[in-house]
Amino acid sequence: MSDPNFTIRQITFDCHDPSKLAKFWSAATGCEIAADYGDFVMVDSTPALGFQRVEEPTPGKNRMHVDVGGAERETLVERLKGLGAAELDTHEAPGLVWTIMQDPEGNEFCVGSPKA
């Protein structure tokens with residue numbers, strides 16, 4: 001049972017260019033940009049996505065990532081590549097297949113779907 005006092009409302013990405021990254025994720029999710037404060041931009045998804053300008057990018061692999069999915073994983077991967085994402089690798093486990101990708105600033109995320 002979920003705790004009604006605890007809700008994940010937003011996931012925030014540190015980035016170099018908040019506007020550019022928000023435009024990518026807005027197009028990827030089909031959700032509108034809700035607010036643009038220059039150094040902080042929000043996409044009106046569920047949960048919301050925030051993009052904040054930082055001077056120094058976090059070195060190495062990000063420690064947390066977003067998992068997304070859709071009915072047709074391969075089609076979604078190709079659409080995201082067309083928006084500027086990079087495809088890194090594809091993995092399979094019993095009942096699941098997922099593709100590791102990077103957004104235009106190198107943040108990793110996974111596109112998964114149940115394995116037929």
Side-chain angles (χ1 to χ4, degrees):
M1 176 185 260
S2 65
D3 181 345
N5 297 312
F6 182 89
T7 302
I8 296 175
R9 296 187 176 163
Q10 180 169 293
I11 299 168
T12 301
F13 294 78
D14 290 347
C15 60
H16 174 71
D17 187 340
S19 180
K20 180 179 176 182
L21 204 52
K23 287 176 185 172
F24 167 81
W25 283 100
S26 173
T29 62
C31 297
E32 298 291 323
I33 292 177
D36 185 340
Y37 303 105
D39 286 340
F40 189 81
V41 182
M42 293 173 54
V43 172
D44 191 20
S45 57
T46 304
L49 299 175
F51 305 91
Q52 66 183 5
R53 184 180 320 278
V54 296
E55 294 301 316
E56 298 288 327
T58 304
K61 184 182 181 306
N62 46 311
R63 294 183 61 176
M64 189 170 89
H65 66 267
V66 177
D67 289 338
V68 302
E72 297 291 331
R73 184 186 52 80
E74 296 91 348
T75 302
L76 182 53
V77 166
E78 290 305 313
R79 185 173 76 80
L80 293 167
K81 286 169 42 178
L83 294 172
E87 180 179 355
L88 301 181
D89 203 357
T90 298
H91 297 278
E92 293 186 32
L96 182 64
V97 60
W98 68 96
T99 300
I100 302 169
M101 302 189 76
Q102 287 181 333
D103 69 18
E105 284 208 11
N107 298 300
E108 289 187 10
F109 64 100
C110 294
V111 179
S113 63
K115 192 170 157 186

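Start at 1 with the first residue, then count along the sequence.
Leu21 places a side-chain heavy atom less than 4.5 Å from the side chain of Asn107. For the pair Cys15 and Val54, the minimum side-chain heavy-atom distance is 4.5 Å or more. Counting heavy atoms from C-beta outward, Phe13 and Leu49 have side chains that approach closer than 4.5 Å. Looking only at side-chain heavy atoms (C-beta outward), Ser19 and Asp36 come within less than 4.5 Å of each other. In this structure the side chain of Leu88 reaches within 4.5 angstrom of the side chain of Gln102, judged on heavy atoms. Residues Gln10 and Pro47 fail the side-chain proximity criterion, which asks for heavy atoms closer than 4.5 Å. Looking only at side-chain heavy atoms (C-beta outward), Phe51 and Val43 come within less than 4.5 Å of each other.
Leu76 is connected to Leu83 through a chain of hydrophobic side-chain contacts under 4.5 Å among Ile, Leu, Val, Met, Phe, Trp and Tyr, so both are in one cluster.
Here CD of Glu72 is found 8.5 Å from OG of Ser113. Values are rounded to the nearest 0.5 Å. Taken from CG in Leu80 to OG1 in Thr75, the straight-line distance is 11.0 Å, to the nearest 0.5 Å. Thr29 OG1 to Glu32 CD: the interatomic distance, rounded to the nearest 0.5 Å, is 9.0 Å. Here the straight-line distance linking atom CD1 of Ile100 with atom SG of Cys110 works out to 5.0 Å at 0.5 Å rounding. Here CD of Glu105 is found 11.0 Å from CZ of Phe24. Values are rounded to the nearest 0.5 Å.
Cys31 approaches Asp44 most closely through the heavy-atom pair CB-O, 3.5 Å. Smallest separation of non-hydrogen atoms from Glu108 and His65: O-CB, 3.2 Å. Gly84 approaches Pro104 most closely through the heavy-atom pair O-CG, 3.8 Å. Leu96 approaches Pro114 most closely through the heavy-atom pair CD1-N, 4.3 Å. Taking both residues in full, the closest heavy atoms of Met101 and Val77 are given as CE-O, 3.7 Å, listed atom of the first, atom of the second, then distance. Among all heavy-atom pairs drawn from Ile11 and Met64, the shortest one is CG2-CE, 4.4 Å.
Between the side chains of Gln52 and Asp14, at least one donor-acceptor pair of N or O atoms lies under 3.5 Å.
Taking the six-membered ring for Trp and thresholds of 30 and 60 degrees, Phe109 and Trp25 have ring planes more than 60 degrees apart, a perpendicular arrangement.
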Apply side-chain hydrogen bond (donor to acceptor under 3.5 Å, both in side chains) to the pair Thr99 and Thr90, showing each step before the final yes or no. CA-CA 4 Å; Thr99 300; Thr90 298; 3.1 Å; yes
